[in-house]
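Per chain, numbering begins at 1; letters A, B, ... match sequence-line order.
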Amino acid sequence: MGKQLQKTIVDILKKTINRQLYYYLDICTRCSICKNACHQYIMTNDLIYLPAYRAELILRIYRKYLTRTGRFISALNRAREIDEQWLDDLYKVTYSCTGCRRCMYYCPFSIDTSWLLALGKAILVAADKYPPIISEISNASIFKGENMEILKEDIIEGLKEYEKELQEKVDDPSATIPVDLKGADILYVSLPGSYSVLTAASIFHQARANWTLSLYEPANFGYFLGDTEKAAVTAKRIIDEAKRLEVKEIVISECGHGYRVMKWLWDTWSKEENPFKIRCILEVMAEYIKEERIRLNRGQIQKALTYHDPCQLARNSGIYEEPRYILRQIATDFRELTPNREKNWCCGGGGGLQAEPELEDFRLKTGEKKVEQIRNSGAKIVVAPCDNCRLQLEDLNKKYNLDISVYSVMELVADATVISKPVFPISNLD
Amino acid sequence: MEEDIKIDLELDLRGLRCPLPMVRVSENITLVPVGGIVRAVTTDVGSLADITSWANTTGNEIVKKERVGKEIVFLIKRRR
Amino acid sequence: MLWVSVPFLLAGMTFRIFLWFRVPRSEMKLGIFGQKEHRTTKWLKLGKDSFLFPQVLDIDRGMWGFLISFHLAIAVLFIGHLRLIFEFTALAKALGDLGMEQFAFLIGGAIGIILLITVFYFLIRRLTLPGKKISAPEDYFLLILLLLVIFTGNYMRFFGDIPITAYRQYVNSLLSFNPYIPTALDTSVARWSLGIHVMFANMLIFYLPFSKLMHFVGSFATNRIRREYLWVNSYKRL
């Protein structure tokens, strides 16, 4: 390993040191209680997926370069030097983690392994060692931000199709999907795809909301990559758009990490103040229902329905009750998964794992915990307001013959709103 | 016009959601030689901008993109 | 030795805590998000997390049993050792001299056995997978040191007599910087085991600021992060 790289890494170590890290260095007793908290370790029984091992891998380096005991008596606490082997191990350990932070919840000392892995990712990015595809997607998003003028036409053309569909479905030829509308109240940041654009458009239309659709998507692969600069730039596209359009608030679609990035992480990365109120579409829908701006067919769904708390939205962002409030209105047989809320198991599909084809088998294997949970609940419909979760749940459904349908909350709400025709006729409902 | 171009690989990406069309294209482009053409069909509206951006940042070339009903057809030339 | 070790312990711990506070806090919002809660509830939950480890109970019941017994035993042990400085007069009056001795023997003995078993369990647990692969020599060193202190303590309790009054005289003389060894202590059969016990205990005290035992201070700080609910939007951050 080159001296230069070693120096770069040591510089990163020095730059990232903070109080949290000192605590972790001094108090992780390597008790391994986290062995029962991580779905990846339980399902693979492979030491490298043990949260304590992952944390220890990174802490050993910090110990070596930043503590006296590590420098002088490294035999005592197994502090080690940076070498190729270590980088290889680190790669395996970091880019396989979904960042669900269940291990932090269950750690008697609240050690945030996921955050430590983020430090690890920063090192790997500096060493040019990362999954190329995640970097490619991240770069593409940034390119999109810089060249929106060229790409805009394509996007608007696509939306024209949706607009026709919307008008047909809400039975109102004046219904539109506004883009670039200056002075709107809401800037809605949607995932591309009718399940996210059309559903929201229908809900906003019926609530008579003054909204406009963002040209960007909330997905942030810079965050998955662990490159906070890229992640900040990716998120800033949306903030800039909101400033340009002078909106009052930014509403993020059902996207777990997208919401967390915008709400909790962006201002720390960019060291800028976020002037906008950030809400998730779930909060907005719950508000509309409460204020009776949209009316729902109560009890439209009789099949057993359950809700999966996406880690990034629930444990890591604090949205628990809104979706439950909404779903209880629509479904007569609402069941909780056990455990749920902040104790919920990760589905196994987060952290950018969806985009890494070489981790597919691993991803499906580690999803077995979720499969077990869904089977025990007996639910036939699983609702998850996160795209990564839904992709994973659909894959699990196929692989393990779960016989479930997977929906987002928005799809169900759009379908249950009282209008002349259902927006999304969900065929397999009773 | 499409007939004039020799297609080395067909990718059926219909029904896939963002970012999977991009992932599949990126994954499979290495299967064709440099200068080869991949024909990808998607239904994801977002892929119009996404795959174009992807090609631009990875140094590949979009030879053609067109909408055929709900489908979007890309002809992508591997450049490196 | 006590003169050196106790100030050393205090200085060492202060230094460690100083090291923690020297660097800025993480700017990342690392809380686990829960229901909106009142300030007091938050602190109560922090206390619960730090003293009762409910999360461990949830996922590793066996370990929780050993953990809670060990930590409770340590707390009782600490109180018990205060008898070396002053007598719990109220309790001694209620139980009578002999009663007090029997009571101390019972509690002290029980604690000694619990500690021996739990620390032994921790050691075994560490030696079995997956803990073994990530353990460092310092972990074993600490556990063995603990075992030695506990073992010699138990030896005194069960195989020697403990002339508590003489001990108290001795400790108090140390505290007033005017040491003398009472004859009762000098002639006691437990003299040697006492010496060894105190030696190991002092080693433990010396080592504590450098060891993972610092978690008894640090865990409050880290657990506070878990209970740090951030419910305000960043644009009106507190």
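- Rounded to the nearest 0.5 angstrom, C/Phe220 CZ and A/Tyr23 OH are separated by 12.5 Å.
- Under 4.0 Å is where a charged nitrogen must lie from a carboxylate oxygen, and between A/Glu56 and C/Lys133 no such pair does.
- Here A/Tyr22 contributes atom OH and C/Ile17 contributes atom CD1; the two are 14.5 Å apart, rounded to the nearest 0.5 Å.
- Residue C/Ile134 comes nearest to A/Ser32 through the heavy atom pair CD1-OG, 3.6 Å, listed as atom of the first residue, atom of the second, then distance.
- The closest side-chain heavy-atom distance from C/Thr222 to A/Ile27 is below 4.5 Å.
- With hydrogens and angles disregarded, no donor-acceptor distance shorter than 3.5 Å links the side chain of A/Asn77 to the backbone of C/Pro137.
- With a threshold of 4.5 angstrom between heavy atoms, C/Ser211 approaches chain A through N, CA, C or O but not through any side-chain atom.
- With a 6.0 Å radius and a threshold of 12 heavy atoms from other residues, nucleotides or ligands, C/Phe151 has its CZ atom at or below the threshold.
- Between C/Asp58 and A/Lys343 a salt bridge is recorded (basic side-chain N to carboxylate O distance below 4.0 Å).
- More than 12 heavy atoms of other residues, nucleotides or ligands sit less than 6.0 Å from atom NZ of A/Lys243.
- No more than 12 heavy-atom neighbours from other residues, nucleotides or ligands sit within 6.0 angstrom of OH on C/Tyr155.
- Looking at C/Lys212 and A/Asp26, their side chains never come closer than 4.5 Å, going by heavy atoms from C-beta outward.
- Atom CD1 of A/Ile73 sits about 8.5 Å away from atom CZ of C/Phe210, to the nearest 0.5 Å.
- With a 4.5 Å cut-off on non-hydrogen atoms, C/Leu67 touches chain A through its side chain but not through its backbone.
- Neither the backbone nor the side chain of A/Ile111 has a heavy atom closer than 4.5 Å to any heavy atom of chain C.
- Under a cut-off of 6.0 angstrom, the local environment of CD in A/Glu287 is crowded, with over 12 non-hydrogen atoms contributed by other residues, nucleotides or ligands.
- With respect to chain C, the highest number of heavy-atom pairs below 4.5 Å among A/Lys35, A/Arg19, A/Arg68 belongs to A/Arg19.
- From A/Glu342, atom CD reaches atom CD of C/Gln55 across 9.0 Å, with rounding to the nearest 0.5 Å.
- Atom CD1 in A/Ile33 sits 12.0 Å away from atom CH2 in C/Trp64 (nearest 0.5 Å).
- Residue A/Arg30 comes nearest to C/Ser135 through the heavy atom pair CD-CA, 4.2 Å, listed as atom of the first residue, atom of the second, then distance.
- Residues of residues 38-50 of chain A lying under 4.5 angstrom from chain C, judged on non-hydrogen atoms, are A/Tyr41, A/Leu47, A/Leu50 in numerical order.
- In terms of heavy-atom pairs under 4.5 angstrom with chain C, the leader among A/Ala118, A/Ser114, A/Cys28, A/Ala75 is A/Cys28.
- Taking all atoms of both residues into account, the shortest heavy-atom contact from C/Ile59 to A/Asn36 is O-ND2, 2.7 Å.
- Between chain A and the options C/Leu142, C/Val56, C/Leu213, heavy-atom pairs under 4.5 Å are most frequent for C/Val56.
- Using a 4.5 Å cut-off between non-hydrogen atoms, the part of residues 115-128 of chain C that approaches chain A consists of C/Arg125, C/Arg126.
- In this structure, CG on C/Asp60 lies 9.0 Å from SG on A/Cys31, to the nearest 0.5 angstrom.
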